[in-house]
Amino acid sequence: MGDRPAPARRRAGWGVALLALVLAGCGASIPESRSQQVNDGDPQFGEQALIDYGCVSCHHIPGVPGADAYVGPPLDRFGLRSYIAGSLTNTQPHLVRWIMSPQAVEPGTAMPDLQVSRQDALNMSAYLLGLE
Ligand code: HEC
């Protein structure tokens, strides 16, 4: 009789261990929400390119004059995002790929291929990843 609570305690212990495992698993697979690394590109040229290519006609982009449209998702604090369009992890190479060929990443997406050059995409990604 005296040792009756013991099994309950053991179960609780397992629960905690399991929770810890699940949390550890999440930590390993979900990229941390923090500023993303920018290795290349010039954010100032990027800002101009966002205007020149007409990105501003669909996106709200902080700091870019005229970028106040909500056809596509707002790009606020993009450097803190974990994913691009819900499908690619948010790294600079992935962002360049998305900007250059969104249709290849997500066939049928409402974002058009805009024939963006690699250098312009790099510059734009440097600008967007700098948004915190
Ligand atoms: C015709 C409107 C349109 C134009 C022009 C456009 N986009 Fe988009 N964009 C979208 C839409 C719609 C989505 C959402 C796509 C999806 O999730 O499938 C999107 C998604 C994005 C995303 C991912 C957003 C997120 O929340 O993950 C980025 C980054 C982006 N666009 C950057 C750009 C850049 C840079 C340009 C200019 C080269 C541009 N877009 C031009 C409509 C547009």
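By convention here, the first residue in the shown sequence is residue 1. Just so we're clear, the structure is a prediction, and the values are computed from it rather than from any experiment.
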Worksheet item: Hey, any chance Leu131 and Leu95 share a hydrophobic cluster, counting ILVMFWY side chains that come within less than 4.5 Å of each other, even indirectly?
Response: yes

Worksheet entry | hydrophobic_cluster_shared for Leu128 and Met100, side chain cutoff 4.5 Å | no

Discussion item. Please determine whether side-chain contact (heavy atoms from CB on, under 4.5 Å) holds for the pair Leu114 and Ile99, giving the CA-CA distance in whole Å, both sets of side-chain angles, and the decisive distance to 0.1 Å.
Written reply: CA-CA 8 Å; Leu114 292 164; Ile99 292 171; over 6 Å; no

Suppose we screen for side chain to side chain donor-acceptor pair (under 3.5 Å). Which residues come up paired with [X], at least two apart in sequence or across chains?
{"X": "His94", "value": "Thr89, Thr91"}
{"X": "Gln44", "value": "none"}
{"X": "Gln48", "value": "Asp52"}
{"X": "Gln92", "value": "Ser125"}

Worksheet item: Should we count OH of Tyr53 as having more than 12 external heavy atoms under 6.0 Å?
Response: yes

Discussion item. So if I apply the side-chain contact (heavy atoms from CB on, under 4.5 Å) rule between Phe45 and each of Leu122, Leu50, Asn123, which one comes out positive?
Written reply: Asn123

Discussion item. Given 3.5 Å as the limit, does a donor-acceptor pair link the side chain of Ser101 with the main chain of Ala104, or not?
Written reply: no

Worksheet item: Which atoms form the tightest heavy-atom contact between Glu106 and Ala85, and what is the distance?
Response: OE2-O, 3.0 Å

Discussion item. Under the criterion side-chain contact (heavy atoms from CB on, under 4.5 Å), I'd like the reasoning laid out for Val96 against Asp40: C-alpha separation, chi angles, the key distance, then a yes or no.
Written reply: CA-CA 11 Å; Val96 166; Asp40 211 347; over 6 Å; no

Under 3.5 Å, side-chain donor or acceptor atoms of residues 64-79 against the rest of the protein: list the pairs with distances, not counting sequence neighbours.
{"unit_1": "Asp68", "atom_1": "OD1", "unit_2": "His60", "atom_2": "ND1", "d": "2.8"}
{"unit_1": "Tyr70", "atom_1": "OH", "unit_2": "His60", "atom_2": "ND1", "d": "3.4"}

Worksheet item: Quick one: are Asn90 and Ser82 in side-chain contact, heavy atoms under 4.5 Å?
Response: no

Practice prompt. Check side-chain contact (heavy atoms from CB on, under 4.5 Å) between Pro102 and all other residues, then give those that pass, not counting sequence neighbours.
Written response: Trp98, Thr109, Met111, Asp113

